[in-house]
Number of protein chains: 2
Amino acid sequence: MPETVSTLGADDALESTTLASRTFDSIKADIIGGELEQGTKIVESDLALKYGISRGPLREAIHRLEQIKLIVRVPHAGSRVVTLDSKMMQDIYIARESLEGMAARLAARLMPEDEIRALSELLDQHEATIGKTDGKAYFQREGDIDFHYRIAAASRNQWILEHLNGELYQLIRMCRRQSGQFPARAQTALDQHRQIAAAIARRDQELAEILMRRHISGAWEIVKKILEDRHD
Amino acid sequence: MPETVSTLGADDALESTTLASRTFDSIKADIIGGELEQGTKIVESDLALKYGISRGPLREAIHRLEQIKLIVRVPHAGSRVVTLDSKMMQDIYIARESLEGMAARLAARLMPEDEIRALSELLDQHEATIGKTDGKAYFQREGDIDFHYRIAAASRNQWILEHLNGELYQLIRMCRRQSGQFPARAQTALDQHRQIAAAIARRDQELAEILMRRHISGAWEIVKKILEDRHD
DNA sequence: ATAGCTTTAATTGTTGACAATTTATGCCTG
DNA sequence: CAGGCATAAATTGTCAACAATTAAAGCTAT
């Protein structure tokens, strides 16, 4: 089992510096993991008790979760776990298409050769994983995010990186959990990843951006279809 | 003096529902306006006293300002007003180019006819303003943001709209204040706005996106040059 | 005189109590 | 019996005191 989750940098830091920060991570994990179901009412006193802290830091955690759009909050009324409807998912995928397309363009210009090599090796690992596990969904997905994360990081654009990694990828994880498994797409995705990596290696900015955008909008079309089929 | 600031939706709500929210708006205005200079150390007790509230809501305001990147905060050490260096500005303009390009594409697809007409009338007002005031900088700038805001809104993409309006436009305002005036560009910008509006009216998604991206990357080139000339 | 350690002050993180607002309950009236 | 007003409960917003951590000042030793 290859250790491809190393560069993720999201679920680390459980031993963080502050109570609010740790609680933020915990709740985030609970929401993404599904322990806290979508639409659940968040009651500050209850959660404070549950996580064994006082309401102060908990409020801070909630506010940060609101910024990430994992929680919606109406003043004086309370907050609930976000419920992802089709429209919101579409908005997220479109924003991601735009930002990651630009990231791929920048990566083609700026990614150093050794990182490009490492990216290629990562895709080799993915191919091996697909062969072995017949597309065991979980690792595929984390591997997919790992690929996208590396390109975002290679853009050397702090704003884009933070918003992809801190916000959009979390929501994408939730979208995927909601729309269930689609292991058939594993090989297709890998092929597209290879093409994108090749464009970056060739320093073809234009193509890298186009391929990335096509890759993501394609992913959205799949998710969209699944959601439509379900609601009939 | 035409009232073109109506659709802005940013500096409104001084009579908001909660203390933290009002304070957030006040501090934000003070930072953008320059009363709180870049790099200023933020001391919670001092600010709480200055704004006449307790540290609780003030902390919430600070955290929100941190999310918007108007304040940088290191745990246990304190927070300062952000200092915009050239790299950060570039990151912001690039992110904006990506997102607004996509917004323009979506607007070309989705903007209703009456909004397109209103957009055109807005540009007429801008032209009149340029003629009358010989490019009085302030109104030009707010007018410019007004134009861009309408397109972002027309994208009907909540994520993009919130992040442009809530985060990037504020930072752009700071960038502009820092790089000083350049009234010569007023007519150029207006021409480009006209072309973008025309592409949207023609429902030409591809062209609308390309023109918007060119418009913004051009704006960055100007700002960049000013910053370089200054530091020599 | 300076480098490094110790002690002190300033600032942030956390807590529990209090005030304001909203939502739910129940009573009264038409 | 239904609708609306008044009251009560629950929940969020705000405050001021306390604990923990970091930055600064002062001191000693080389």
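A note on names: the letters A, B, ... follow the listed sequences, proteins ahead of strands, and every chain is numbered from 1.
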Student: Of the nucleotides dT11(C), dA23(D), dT14(D), which has the atom closest to the Ala20(B) side chain?
Tutor: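 The closest nucleotide is dT14(D).
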Student: Return the value, rounded to whole Å, for the distance between atom CZ of Phe24(A) and atom P of dG13(C).
Tutor: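 Rounded to whole Å, this separation is 16 Å.
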Student: Between Ser179(A) and Cys175(A) (side chain of the first, backbone of the second, donor and acceptor by atom type, cut-off under 3.5 Å), is there such a pair?
Tutor: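 At least one qualifying donor-acceptor pair exists.
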Student: Whole-Å distance between dG16(C) P and Leu19(A) CG?
Tutor: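 After rounding, the gap between these two atoms is 12 Å.
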Student: When you check the phosphate oxygens OP1 and OP2 of dT12(D), does a side-chain N or O of Thr18(B) lie under 4.0 Å from one of them?
Tutor: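 No, outside the criterion.
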Student: Looking only at side-chain N and O atoms, does Arg59(B) come under 4.0 Å of OP1 or OP2 in dT15(C)?
Tutor: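 For dT15(C), neither OP1 nor OP2 has a side-chain N or O of Arg59(B) closer than 4.0 Å.
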Student: OP1, OP2 of dA10(C) versus side-chain N and O of Ser45(B): anything below 4.0 Å?
Tutor: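 Result: no.
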Student: Specify the separation, in whole Å, of atom CD1 of Ile53(A) and atom C1' of dA19(D).
Tutor: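 Whole-Å distance recorded here is 16 Å.
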Student: What's the CG-C1' distance between Leu47(A) and dT11(D), to the nearest Å?
Tutor: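 After rounding, the gap between these two atoms is 13 Å.
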Student: Could you state the CD-P distance from Glu44(A) to dT21(C), rounded to the nearest angstrom?
Tutor: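 Computing the Glu44(A):CD to dT21(C):P distance gives 16 Å.
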Student: With a cut-off of 6.0 Å (strictly less than), are more than 12 heavy atoms of other residues, nucleotides or ligands near NZ of Lys87(B)?
Tutor: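 Enclosed.
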Student: What nucleotide, of dT12(C), dT14(D), dT14(C), holds the atom closest to the side chain of Pro57(A)?
Tutor: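 The listed nucleotide nearest to Pro57(A)'s side chain is dT14(C).
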Student: His163(B) and His163(A): aromatic ring centres closer than 6.0 Å?
Tutor: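 For His163(B) and His163(A), the ring centres are under 6.0 Å apart.
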Student: Starting at atom NZ of Lys41(B), determine the distance to atom C1' of dT11(C), rounded to an integer number of angstrom.
Tutor: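 From Lys41(B) NZ to dT11(C) C1': 7 Å.
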Student: Please give, in whole Å, the distance from dT11(C) P to Arg55(B) CZ?
Tutor: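 The answer, rounded to whole Å, is 11 Å.
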Student: So what does Ile42(A) touch, heavy atoms closer than 4.0 Å: a base, only the sugar-phosphate, or nothing?
Tutor: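 Touches sugar-phosphate only.
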Student: Would you please say whether a donor-acceptor pair under 3.5 Å links the side chains of Glu167(A) and Gln67(A)?
Tutor: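 Result is no, nothing qualifies.
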Student: Should the ring pair His193(B) and His148(B) be called parallel, tilted or perpendicular, given that the plane angle runs from 0 to 90° and is split at 30 and 60?
Tutor: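 His193(B) vs His148(B) ring planes: perpendicular.
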Student: How close or far is atom P of dT12(D) from atom NE2 of His76(A), stated in whole angstroms?
Tutor: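 Taking NE2 of His76(A) and P of dT12(D), I get 12 Å after rounding.
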Student: Please work out if Gly78(A) contacts a base, only the sugar-phosphate, or nothing of the nucleic acid, heavy-atom cut-off 4.0 Å.
Tutor: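 Here Gly78(A) touches the backbone only, sparing every base.
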Student: Is the phosphate of dG13(D) approached by Arg73(A) (side-chain N or O, under 4.0 Å from OP1 or OP2)?
Tutor: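 Answer yes for this pair, as a side-chain N or O of Arg73(A) is under 4.0 Å from OP1 or OP2.
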